[in-house]
Peer 1: 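Structure below; questions to follow.
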Protein chains: 2
Amino acid sequence: MLDLDRLFHALADPARRAMLERLTRGPTPVSELARPLPMSLPAAMQHLGVLETAGLVRSEKVGRVRICAIEPQALDEVERWINARRVEWTRRLDRLGEYLKTLEGEGDGAGC
Amino acid sequence: MLDLDRLFHALADPARRAMLERLTRGPTPVSELARPLPMSLPAAMQHLGVLETAGLVRSEKVGRVRICAIEPQALDEVERWINARRVEWTRRLDRLGEYLKTLEGEGDGAGC
DNA sequence: GCATTGGTTAAGCACACACCTAACTATCGC
DNA sequence: GCGATAGTTAGGTGTGTGCTTAACCAATGC
């Protein structure tokens, strides 16, 4: 399984995104991440595992609590992929625009 | 199911991403989208369906050929979400940096 | 030490996903 | 019309995902 697969898959679940959003407010223990979610603690832990294997979250056990924190550069690869696509798309659209403009520029409508 | 769920889910599969990448080179018939993929045509069509319900691709039937094209603004919502997260993260990191600098600035190390 | 709190593991279940093959429909070229 | 081409639908299968409950550690607080 590729990195991007894991990343996008991890982000595709609202519970996991909610966890990430909570984590932007700072490091958080597992139980507090799980509390607002409408599911059991083991289920939440499973989501956490997905986030962790995707590299989006790092966690560390301190005493009996596990503190989770966000991995800030994890989204870089995702953003790179998206931007690469967007660049190509807009370039294509620009070329199309240019092309249409050239057609306009010519005195007579070519074909059409 | 939320929009973001559908979007991220659609992007979480390498076959679907490959289709999108092919589509950045311009509108493409189904069979050409499917050709490079290591799967049957119906399977590819299923992936296409996922892309379409996610709003990433639009398609139109011309004669017996179905032409698929990319929906350029579909990634906007994805990018918005990612940027929102990133902004908060870096703001947090900046605040942390500021805080550490203030500690440094004070003559004596406060505690620690 | 003993109950409580925080987390983890195990086992199992329902459903969705990603594929396949086979059969079918609709258009194109002649 | 008729065969070939492009796509679609139907039905079935193995695997993965998302969740549950129950049982099980391991630190803490007293």
Side-chain angles (χ1 to χ4, degrees), chain A residues 1-23 25-70 78, chain B residues 1-23 25-70 78:
Chain A
M1 208 194 203
L2 291 149
D3 264 20
L4 274 175
D5 292 30
R6 269 189 286 266
L7 282 167
F8 279 124
H9 172 68
L11 295 172
D13 187 287
R16 292 195 283 264
R17 287 199 306 277
M19 284 179 162
L20 287 179
E21 287 171 27
R22 174 64 185 80
L23 284 172
R25 309 218 300 275
T28 314
V30 169
S31 50
E32 187 158 343
L33 277 182
R35 182 135 30 94
L37 301 179
M39 64 183 68
S40 69
L41 187 65
M45 295 263 323
Q46 225 168 317
H47 285 297
L48 198 56
V50 171
L51 289 172
E52 227 164 326
T53 59
L56 286 161
V57 164
R58 157 182 51 85
S59 79
E60 181 192 3
K61 196 142 185 185
V62 180
R64 66 180 162 179
V65 299
R66 176 173 296 278
I67 300 293
C68 304
I70 221 154
V78 171
Chain B
M1 206 194 204
L2 292 151
D3 266 20
L4 275 175
D5 292 28
R6 271 189 284 267
L7 282 166
F8 279 125
H9 172 69
L11 295 171
D13 187 286
R16 290 195 283 264
R17 287 198 307 277
M19 282 179 164
L20 286 178
E21 288 171 29
R22 174 63 185 84
L23 285 173
R25 308 216 301 274
T28 314
V30 169
S31 51
E32 187 158 344
L33 278 181
R35 182 135 30 94
L37 301 179
M39 65 183 66
S40 69
L41 187 64
M45 295 263 322
Q46 225 166 315
H47 285 297
L48 198 55
V50 172
L51 289 172
E52 226 162 329
T53 59
L56 286 160
V57 164
R58 158 181 51 83
S59 79
E60 182 192 3
K61 197 141 182 184
V62 179
R64 65 181 164 180
V65 179
R66 175 173 295 277
I67 299 294
C68 305
I70 222 154
V78 171

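Chain A is the first sequence line, chain B the second, and so forth, proteins listed ahead of strands; every chain is numbered from 1. Both backbone and side-chain heavy atoms feed into the values below; hydrogens, waters and symmetry mates do not.
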Peer 1: May I ask you to say what A:Arg35 touches in the nucleic acid, namely base, sugar-phosphate or nothing, with a heavy-atom cut-off under 4.0 Å?
Peer 2: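 Counting heavy atoms under 4.0 Å across all strands, no contact is made by A:Arg35.
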
Peer 1: From CE of A:Met45 over to P of D:dT17, roughly how many Å is that when rounded to an integer?
Peer 2: 17 Å

Peer 1: Considering just the side-chain nitrogens and oxygens of B:Ser40, establish if one lies under 4.0 Å of OP1 or OP2 belonging to C:dC19.
Peer 2: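 No, no such contact exists.
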
Peer 1: Using atom CG of A:Leu41 as one end and atom P of D:dA22 as the other, report the distance to the nearest whole Å.
Peer 2: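 That distance rounds to 15 Å.
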
Peer 1: Under the 3.5 Å rule, do the base of C:dC19 and the side chain of B:Gln46 count as making a donor-acceptor pair?
Peer 2: yes

Peer 1: Tell me: CG of B:Asp13 to P of D:dG16, nearest whole Å?
Peer 2: 14 Å

Peer 1: For the helix from C:dG1-D:dC30 to C:dC30-D:dG1, how many degrees between its two end axes (five pairs per end), to the nearest 10°?
Peer 2: 30°

Peer 1: Using atom CZ of A:Arg6 as one end and atom P of D:dG16 as the other, report the distance to the nearest whole Å.
Peer 2: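 Rounding to the nearest Å, CZ of A:Arg6 and P of D:dG16 are 14 Å apart.
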
Peer 1: Counting just side-chain N and O atoms, does B:His47 come under 4.0 Å of either OP1 or OP2 of C:dC17?
Peer 2: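 For C:dC17, neither OP1 nor OP2 has a side-chain N or O of B:His47 closer than 4.0 Å.
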
Peer 1: Do the side-chain N or O atoms of B:Ser31 get closer than 4.0 angstrom to the phosphate oxygens (OP1, OP2) of D:dG7?
Peer 2: yes

Peer 1: Can you tell me the distance, in whole Å, between the CD atom of B:Glu32 and the C1' atom of D:dA6?
Peer 2: 13 Å

Peer 1: On the nucleotide D:dC25, are OP1 or OP2 found under 4.0 Å from the side-chain N or O atoms that A:Arg64 carries?
Peer 2: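 For D:dC25, neither OP1 nor OP2 has a side-chain N or O of A:Arg64 closer than 4.0 Å.
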
Peer 1: I want to check one thing: is the phosphate of D:dG16, taken as OP1 and OP2, less than 4.0 Å away from some side-chain N or O of A:His9?
Peer 2: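 The answer is no; no side-chain N or O of A:His9 sits under 4.0 Å from OP1 or OP2.
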
